[in-house]
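See below for the structure under consideration.
These numbers were taken from a predicted model, which means no experiment stands behind them.
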2 protein chains.
Amino acid sequence: MTEGGAAGGRDSAADGNSTVTTGAGRRPLGRELILTEAVRFIDQRGQDRLTMRRLGAELSVEAMALYRYVPGREQLLDGVVEHVMNELYETTMTKELATSWPEYLERMAQGVRAVAIGHPRVFPLVAVRPPAAPWLRPPLRSLRWVEGFLEALAKFGFSAQQSVLVYRAFATFLLGHLLLETATLAGEAEAPIEDDTEVAGTDALSAYPRLTSLSAQLSQDAFEDEFDDALHDLIKRVAHFRS
Amino acid sequence: MTEGGAAGGRDSAADGNSTVTTGAGRRPLGRELILTEAVRFIDQRGQDRLTMRRLGAELSVEAMALYRYVPGREQLLDGVVEHVMNELYETTMTKELATSWPEYLERMAQGVRAVAIGHPRVFPLVAVRPPAAPWLRPPLRSLRWVEGFLEALAKFGFSAQQSVLVYRAFATFLLGHLLLETATLAGEAEAPIEDDTEVAGTDALSAYPRLTSLSAQLSQDAFEDEFDDALHDLIKRVAHFRS
DNA sequence: ACCTGAACACCGTTCAAGT
DNA sequence: ACCTGAACACCGTTCAAGT
């Protein structure tokens with residue numbers, strides 16, 4: 001239960017949420033602070049351990065205090081998703097503009113991947129929480145972001161229909177690749193391998209000769225290469241859409 | 001709280017766990033029965049509403065009775081995943097054998113899709129629960145099944161390395177497509193649209209002109225066509241692996 | 001052998017009350 | 001204005017006790 005210790009940190013009050021520590025070592029509560037802490041909590045300990053009571057404790061506050069800023073646990077999780085995906089908006093969209101659509105698509109795909117890898121235990125939430133509208137496709141689930149995406153494609157000469165196809169294809173692509181990659185990353189974080197659970201080490205595989213002989217190749221991950229290869233194939237497919 | 005009513009069912013006492021219905025109209029508890037009921041429960045009411053106590057009630061038993069057959073809630077959910085994916089094994093693998101690898105891959109992909117669509121609210125569990133081994137990739141997460149998959153590909157002349165690539169590419173493909181499709185299906189099941197939640201109807205879109213003008217095309221789903229198209233492209237890509 | 005009652009430690013959430 | 005205490009209805013899980 002270590003807390004902060006000597007506070008006294010001095011941060012430039014440039015943007016909104018930089019409201020220095022109070023004397024008691026507790027920053028002024030607020031939606032932003034709560035979401036930031038929730039993301040950190042999930043990054044470290046996983047979603048299922050995130051509890052209103054524990055999150056409150058992390059902020060030196062009773063759980064009930066959180067309800068002034070967040071309607072409930074479900075909306076908290078939605079907020080976490082939104083909060084994390086905002087990194088993408090700041091990163092990808094703020095940079096200097098891409099000069100071709102393949103470059104644009106490449107960059108945004110890599111941007112989403114960077115966010116996912118940065119928060120492997122949050123990404124399943126991004127993937128699985130019901131989006132604000134039924135036609136939004138995780139992980140590309142922010143209205144603002146999708147609007148920007150369609151705008152960019154239009155600028156590069158895509159028709160409306162084509163843009164929708166590209167949006168869908170990219171969402172599907174990113175979801176599949178990144179959910180698998182982040183699952184592996186999140187798994188590595190713990191796995192202090194237990195005893196009688198079915199961990200399926202090389203021992204339990206005896207009944208499956210091919211798995212046994214391939215376990216080496218199956219184990220070595222190549223997510224980055226797979227992602228890059230599949231991404232380039234997808235971009236080729238998109239080029240095909242345009243004809 | 002309706003129960004069974006007049007029981008009197010007569011079942012052949014062929015295998016081990018068939019200890020005939022008690023007079024009270026309650027089938028003999030057991031892992032199989034519990035899992036079947038759990039799947040049905042999730043299909044109807046969703047995973048978050050599944051509770052040991054409620055599942056017990058559904059089986060006319062106190063929650064504690066379940067612990068004799070299932071170690072706990074987590075393992076129950078793993079059991080549900082396994083149980084559902086077994087449908088695939090029975091369906092796809094039991095049929096007459098495919099005569100070419102493209103046919104085989106096509107069939108198995110369609111088989112997985114059929115299972116996913118049959119249990120849209122279970123599929124997220126299939127996608128997201130940590131698999132038995134870290135190199136298993138949901139939704140293709142059964143050791144037995146993957147062994148069969150590799151065996152089939154070997155039969156069609158794929159090398160070990162190639163087979164691993166195909167396994168990974170298919171898992172990624174299926175995960176992305178089917179998670180998005182089942183999310184939509186599961187969403188349709190409820191959505192008795194609420195009032196002040198962010199449902200993002202055509203109204204809330206006013207700030208996003210492109211989304212507004214495309215809402216029609218975005219809303220009409222084309223999951224089947226997308227799936228089939230992408231599947232065939234994937235099969236082409238696989239053909240490329242073989243060179 | 002199989003199920004239940006009672007109990008424990010924990011949840012999310014509400015609301016009157018404190019400061 | 002902002003937080004807390006106490007309370008409510010619910011969890012998962014354990015274990016001694018019933019039949």
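The existence of a salt bridge linking B:Arg40 and B:Glu37 is confirmed by a sub-4.0 Å separation between a basic side-chain nitrogen and an acidic carboxylate oxygen. In this structure, B:Arg141 does not pair ionically with B:Glu82, as no charged nitrogen and carboxylate oxygen lie closer than 4.0 Å.
Partner assigned to D:dC3 is none, using Watson-Crick or G-U wobble distances below 3.5 angstrom. Searching all strands for a Watson-Crick or G-U wobble partner of C:dC10 with both distances below 3.5 Å returns nothing.
Closest to the side chain of A:Tyr67, out of D:dT13, C:dT13, D:dT4, is C:dT13. Distances from the side chain of A:Arg73 to the nucleotides D:dT4, C:dG5, C:dT13 place C:dT13 closest. Taking every side-chain heavy atom of A:Thr51 into account, C:dG12 is the closest of C:dG12, D:dA6, D:dT13. The B:Met64 side chain lies nearest to C:dA6 when the options are C:dC3, C:dG12, C:dA6. Listed nucleotides D:dC3, C:dT13, D:dT13 differ in distance to A:Met52; the shortest reach to its side chain belongs to C:dT13. For B:Arg54, whose side chain is taken as the heavy atoms from C-beta onward, the closest listed nucleotide among C:dA6, D:dC11, C:dC11 is D:dC11.
Ring pair A:Phe227/A:Phe173 is tilted by interplanar angle, where 30° to 60° counts as tilted.
Between C:dC2 and B:Arg68, no contact under 4.0 Å exists linking OP1 or OP2 to a side-chain N or O. Here B:Tyr69 does not reach the OP1 or OP2 of C:dA1: none of its side-chain N or O atoms lies under 4.0 Å away.
Protein atom CG of A:Leu66 is 14 Å distant from nucleotide atom P of D:dC2, rounded to whole Å. Remark: P of C:dC11 and CZ of B:Arg53 are 15 Å apart, rounded to the nearest angstrom. The separation between A:Glu62 atom CD and C:dT13 atom P is 16 Å, rounded to whole Å. Summarising the geometry, the separation between CG on A:Leu77 and C1' on C:dG12 is reported as 12 Å, rounded to the nearest angstrom.
Positionally, the nearest nucleotide of DNA chain C for B:Ala63 lies more toward the 5' end than for the other of B:Ala63 and A:Gly72.
One distance of note links CE of A:Met108 with CZ of A:Phe149; it measures 4.5 Å at 0.5 Å rounding.
Between A:His119 and A:Phe123, the distance from one ring center to the other does not fall under 6.0 angstrom.
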